Amino acid sequence: MENAAIADIFDEMADLMEFRSENPFRIRAYRGGAQAIRDLDEPVAAIAKDSGRNLADLPGIGKTLAEKTLTLLETGKLPQLEELRRAVPVVVVQMARIPGLGAKKAAKLNERLTIESLDDLKKACQEGLVAKIKGFGKKTEAAILDGLSIAKQASERIYWAKGDELATVIGEYMRQCKTISQMEWTGSYRRGRETIGDLDLLVVAKDRTAAMDHFEAFPGRSQTIVRGETKISIRVAGAFQVDMRLVEANQFGAALQYFTGSQSHNVHLRRIAKDHGLKINEYGVFRVDDENQVANEPIAGKTEQEVYGAVGLSWIAPELREDRNEFEWATKNKFPELIEMSDVVGDLHMHTTATDGTATIREMADAAIERGLKYIAITDHSKRVAMASGLDEERVRAQWNAIDSLRSEYDGRLVILKGIECDILEKGGMDLSDDCLAEADWVLASVHYGQKQPRDQITERILGAIENPHVDCIAHPTGRLINRRPPYEADMEMIMKAAKANRTMMELNANPARLDLNDIHLAAAKRHGIPIVISTDAHSTDGLVVMKYGIKQARRGGLTKGDVANTRSWEQMKGLQ
DNA sequence: GCCGTTTTCGGCCCGACTGTTTTCAGTCG
């Protein structure tokens, strides 16, 4: 059983325990355990097998969760989970996803009314039955009816790239509001998570009412969820939630830290503050005396640097704030110097009109020069990908000849490499002959068919490609599409060991729907010492723009310039192959 | 359920907003 699957089970247990009003700290412990296992950069199964190590030594995992993990590894099942699933009706879980309803209210509704589906709930609201229950009223009833229609949309997380577009549009609109003197996006968007659940804007404004009015007048707004003294939430583009918080200028750093999260990062930071006799909230850092009295005046808060500095830590890049290794690094002030967009000098995965791209080699080359790149590899599909009219050996050689004759024209400006994205066949082996692959400057190997093969089979296929001496890099190594398609069942630990042993690189595909490898895998690859290649997989000249999303993901994985191969010149790259 | 320079019990991050309340629970982040 993979780490992610075990983590999902602990998370589900935490969710279900909420419906049973269990001790909230016990619930938090399960969530903490889930995160600890999800964030491991090695398989928990490997630790369990190692007689010299103990699962309970992992932070956040104690005796109980260690035992449950072992049970899951051995049997694939957990009796306590089955029990919880039986105890909590599915419809209650569904109800709790409606904005405004939580576990407690959903459980109460189920207890007082006969509700077996969301349709039953709708009917109960329409008949006025909900408003009669103690603790519920007319407004809650109306809110549930409203929430029912957007429950699915509202709970959907969007790609970071899509969030980036929205944030840009809203940001430009908000900048027209003259009373706003300071403004910054916070939350998971600032941390660069691959998906975004909502957007959070932090603002300093002289006239708060005017700032809120301006926000509420955003042309894309469909609804105002709440509006108070310091916080307003609206829905835009259908059901997507955008929050704005107003703070004083001397609180900006504290609020920025607070709202950037992650939640578990904040919990950890506040615990450290407590040990220092301090208290951190969104208004600043405050001294707490022996009597537990909190001082009126903050000792820090204007900048994030001040806030972290107050507890003896150096500033932590938002991409690292997931309560993984960042506090250890901050204590020693030994952070990885995270990669920057300007470090990238080459792009080694792109398509042309020869297969499913929309631009010619020349157009891609010109676009690459405009972006300041020094080299690109043209990597069209191989023949197995018939849908994209993949290249057979004759056509790929013709393309390489064309590249040869273009080279002099681009001499000194851009190196164009003869590449291929060669399919790893379902039955194993490469789609083009070794003789052919040997003629290429750059060979990507990737799985497009038979993605649902069992673990052993698909792992073997990928291992075969890694061991092929002509293959330079494994493209989109897990095949996942965010929110749409799960990763291959492949054994990533085995794949990484083989990649290291065979000097095969691994791709971070920067397409916002892929971002493959993910942050955890990137950290694992770094631990193994495998060079990562960040590539756009562009199918048009505009497609080259996605490199920035890859950089964001790489930073979350803790990668430095040195960890990423295409920050080197092509001459130096050849040494890695 | 986890954890320990307060170590085997007793804590566990912190606050805004809403609705239905007459002082607070639930939800959300």
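No hydrogens, no waters, no symmetry mates; every other heavy atom, side chains included, goes into these values. None of the values given here were measured: they were computed from a predicted structure.
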Exercise. Under 4.0 Å between any heavy atoms, over every strand shown, what does A:Asp275 touch: base, sugar-phosphate, or nothing? Just pick one.
Key: nothing
Quiz item: In chain order, what residues pass the ring-ring contact (aromatic ring centres under 6.0 Å, His included) check against A:His268, with sequence neighbours excluded?
Solution: A:Phe327
Extract from the structure each pairing of a protein N or O with an N or O of nucleotides 3-9 of chain B at less than 3.5 Å, listing the distance.
from, atom 1, to, atom 2, distance (Å)
B:dC3, OP1, A:Gly60, N, 2.6

Exercise. With P as the reference atom in both, quote the distance from B:dG26 to B:dT20 in angstrom, rounded to an integer.
Key: 14 Å
Quiz item: Of A:Ile234, A:Ile232, A:Leu202, which meets side-chain contact (heavy atoms from CB on, under 4.5 Å) against A:Met244?
Solution: A:Ile232
Quiz prompt | Residue mapping more 5' on DNA chain B - nearest nucleotide basis, A:Ile280 or A:Glu229 | solution = A:Ile280
Quiz item: What residues, two or more places apart in sequence or in another chain, satisfy side-chain contact (heavy atoms from CB on, under 4.5 Å) together with A:Glu319?
Solution: A:Ala317, A:Lys552, A:Arg555, A:Arg556
Practice problem: Treat primed atoms plus P, OP1 and OP2 as sugar-phosphate and everything else as base, then score nucleotides 20-29 of chain B 5' to 3': B for base contact with protein heavy atoms under 4.0 Å, S for sugar-phosphate contact only, - for none. | Solution: S-----SSSB
Practice problem: May I have the distance from A:Tyr283 (atom OH) to B:dC14 (atom P), rounded to whole angstrom? | Solution: 14 Å
Self-check item: C1'-based separation of B:dG15 from B:dG10 [nearest Å]
Solution: 24 Å
Quiz prompt | Interatomic distance, A:Arg31 CZ vs B:dG1 C1' [rounded to whole Å] | solution = 13 Å
Quiz item: Do A:Glu2 and A:Arg455 pass the salt bridge (Lys or Arg N to Asp or Glu O under 4.0 Å) test, and can you show the C-alpha distance, the side-chain angles, and the key distance before you say yes or no?
Solution: CA-CA 11 Å; A:Glu2 298 266 329; A:Arg455 188 177 175 87; 2.4 Å; yes
Quiz item: Angle class for the A:Tyr30/A:Phe10 ring planes (parallel below 30°, perpendicular above 60°, tilted otherwise)?
Solution: perpendicular
Quiz prompt | Rounded interatomic separation in angstrom, taking CD1 from A:Ile27 and P from B:dC12 | solution = 17 Å
Quiz item: Going through the checks in order, is the salt bridge (Lys or Arg N to Asp or Glu O under 4.0 Å) test met by A:Arg321 and A:Glu304?
Solution: CA-CA 13 Å; A:Arg321 299 184 195 172; A:Glu304 282 192 327; 2.9 Å; yes
Quiz item: Hey, mind stepping through A:Thr303 and A:Phe252 against side chain to side chain contact (heavy atoms under 4.5 Å, CB included) and telling me if it holds?
Solution: CA-CA 6 Å; A:Thr303 65; A:Phe252 193 76; over 6 Å; no
Practice problem: Please determine, for B:dC3, whether a Watson-Crick or G-U wobble partner exists with both distances under 3.5 Å, and give it or none. | Solution: B:dG10
Practice problem: Pick the C1' atom in B:dA25 and in B:dT21, then give their distance to the nearest Å. | Solution: 9 Å
Self-check item: Same-atom distance (P) from B:dC13 to B:dC2, integer angstrom
Solution: 16 Å
Quiz item: Are the charged groups of A:Lys231 and A:Glu282 less than 4.0 angstrom apart, N to O?
Solution: no
Exercise. On the 0 to 90° scale, with breaks at 30° and 60°, tag the A:His214-A:Tyr173 ring pair as parallel, tilted or perpendicular.
Key: parallel
Quiz item: OP1, OP2 of B:dG1 versus side-chain N and O of A:Arg26: anything below 4.0 Å?
Solution: yes
Quiz item: Closer to the 5' end of DNA chain B via nearest nucleotide, is it A:Thr230 or A:Lys68?
Solution: A:Lys68
Quiz item: Could you give the CE-to-C1' distance, from A:Met17 to B:dC2, as a whole number of Å?
Solution: 13 Å
Quiz item: Does A:Asp516 pair with A:Arg480 as a salt bridge, N-O distance under 4.0 Å?
Solution: no
Quiz item: At under 4.0 Å between heavy atoms, what does A:Asn266 touch on the DNA or RNA strands: base, sugar-phosphate, or nothing?
Solution: nothing
Quiz item: Looking for any heavy atom pair under 4.0 Å, which part of the strands does A:Arg28 touch: base, sugar-phosphate only, or nothing?
Solution: base
Practice problem: Please state whether the phosphate of B:dC2, meaning OP1 or OP2, lies under 4.0 angstrom from any side-chain nitrogen or oxygen of A:Thr64. | Solution: yes
Quiz item: C1' atom, B:dC14 versus B:dC9: distance in rounded Å?
Solution: 24 Å
Quiz item: Can you name the residues that form a side-chain contact (heavy atoms from CB on, under 4.5 Å) with A:Glu127, not counting sequence neighbours?
Solution: A:Lys123, A:Leu129
Exercise. With C1' as the reference atom in both, quote the distance from B:dG4 to B:dT8 in angstrom, rounded to an integer.
Key: 9 Å
Quiz item: In residues 304-323 of chain A, which ones come under 4.0 Å of DNA chain B, going by heavy atoms?
Solution: none
Self-check item: Distance in angstrom units between A:Lys279 NZ and B:dC13 C1', rounded
Solution: 9 Å
Quiz item: Mind checking the P distance from B:dC12 to B:dT23? Whole angstroms is fine.
Solution: 27 Å
Quiz item: For A:Lys274 and B:dG11, what is the distance between atoms NZ and P respectively, to the nearest whole Å?
Solution: 10 Å
Quiz item: Is the shortest side-chain N to carboxylate O distance from A:Arg31 to A:Asp15 below 4.0 Å?
Solution: yes
Quiz item: Within a strict 4.5 Å, meaning less than it, do heavy atoms of the A:Asp563 and A:Ile532 side chains meet?
Solution: no
Self-check item: Separation of B:dG1 P from A:Asp57 CG (nearest whole Å)
Solution: 19 Å
